[in-house]
Amino acid sequence: MSPGGTDRPLLTPVDRDASVRGARLRGLGLGRRHDASFESFDAFADRVAAVTSAPYSMVNFIDENRQFFAGLHTPAGTGSGHDLGVAAAGSGGRLRQLARDHGYCPHVLARRKALVLEDVCDYPRFAGNPVVDGIGIRSYLGAPLIDGTGVALGTVCAVDTVPRAWGREGLHAIKALAGELVGHIDGRVPHLW
């Protein structure tokens, strides 16, 4: 049962590391609204989309209050309706924030390991997430960004609006991409790649 005694399952896990993560993100200068490294993170998100053949991908940092897409890939010319293109249409065509209780990245952080959902509707805990009906997510592939200090800073993820058979290949790919990005973050190279 969820807090408050209802029978609805708890959709978003309790985040006991939020304050430590928030402090670490601020110390690294990551996850700010006007982060100068958007272009580098966007390029990395583009690469994630290419490697996974996903229409949408993100580099997502999660602090105490919200999720922040430092890197975001969406298809060009996305149409209308309940899709991620509409959700991503914001300032400059890129909405960079999402509520903490939306999506699956908070689950990846709580688990501290990759999460593969080939069809989110197959899992009652995940099917009720607001991103399913609100913006049409049907499949998710994500891995945590755990830095050299052991703090899970966020995730690298790919999503689709249709069920996807990500398979072992997808799982290995997203984990390798997360490891690569953490290496760049830990090194804090001025131009990440």
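Please read these numbers as outputs of a predicted model, since none were measured by experiment.
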Same cluster for I62 and L72 if Ile/Leu/Val/Met/Phe/Trp/Tyr side chains link at under 4.5 Å?
-> no
Side-chain donor/acceptor of R164 to backbone N/O of S53, under 3.5 Å = yes
Pick from F68, F41, F69: which one makes a ring-ring contact (aromatic ring centres under 6.0 Å, His included) with F61?
-> F41
Quick one: are V156 and E180 in side-chain contact, heavy atoms under 4.5 Å?
-> no
With side chain to side chain contact (heavy atoms under 4.5 Å, CB included) as the test, would you mind laying out the steps for C105 and Y140 before giving the verdict?
-> CA-CA 9 Å; C105 293; Y140 174 91; 3.2 Å; yes
Nearest heavy-atom contact between P75 and P55 is CD-O, 3.1 Å
Taking all non-hydrogen atoms of both residues into account, name the closest pair between A70 and D42 and its distance.
-> O-OD1, 3.7 Å
Does V182 share a hydrophobic cluster with L25, counting links as ILVMFWY side-chain heavy atoms below 4.5 Å and allowing steps through other members?
-> yes
Closest heavy-atom pair and its distance - N65, D63 = N-OD1, 2.8 Å
Has the side chain of S139 got a donor or acceptor atom that lies under 3.5 Å from a matching backbone atom of V162?
-> yes
Begin from the C-alpha positions of L181 and L145 and carry the test side chain to side chain contact (heavy atoms under 4.5 Å, CB included) through to its verdict.
-> CA-CA 8 Å; L181 183 55; L145 297 169; 3.9 Å; yes
So, does E118 use its side chain to make a donor-acceptor pair with the main chain of G167 at under 3.5 Å?
-> yes
Would you say the side chain of T161 lies within less than 4.5 Å of the side chain of Y56, judging by non-hydrogen atoms?
-> yes
For R26 and S19, which heavy atoms make the closest approach, and how far apart are they?
-> NH2-O, 4.5 Å
Got a second to check how far T155's OG1 is from I146's CD1, nearest 0.5 Å?
-> 11.5 Å
4.5 Å side-chain heavy-atom contact, W166 and T52 | yes
In terms of side-chain geometry, is the basic nitrogen of D119 or R138 positioned less than 4.0 Å from the acidic oxygen of its partner?
-> yes
How about E64: does its CD atom have over 12 heavy atoms from other parts shown lying under 6.0 Å from it?
-> yes
For a side-chain contact (heavy atoms from CB on, under 4.5 Å) with V108, tell me which candidate from N60, L115, I174 qualifies.
-> L115
So, R24 side chain and V20 main chain: donor-acceptor pair closer than 3.5 Å or not?
-> no
Is D147 reaching over with its side chain to a backbone N or O of V151, donor-acceptor style, under 3.5 angstrom?
-> yes
Under 4.5 Å between side-chain heavy atoms, hopping through other hydrophobics if needed: is there a path connecting I185 to L177?
-> yes
Does a side-chain heavy-atom distance below 4.5 Å link V48 with H73?
-> no
Mind running side chain to side chain contact (heavy atoms under 4.5 Å, CB included) on L28 and L153 for me, showing each step along the way?
-> CA-CA 10 Å; L28 290 169; L153 302 172; 3.9 Å; yes
Under 4.5 Å between side-chain heavy atoms, hopping through other hydrophobics if needed: is there a path connecting L109 to V116?
-> no
Smallest heavy-atom separation, P144 atom then A178 atom, equals O-CB, 3.5 Å
For A54 and A158, work out which heavy atoms get closest and say how close.
-> CB-CB, 3.7 Å
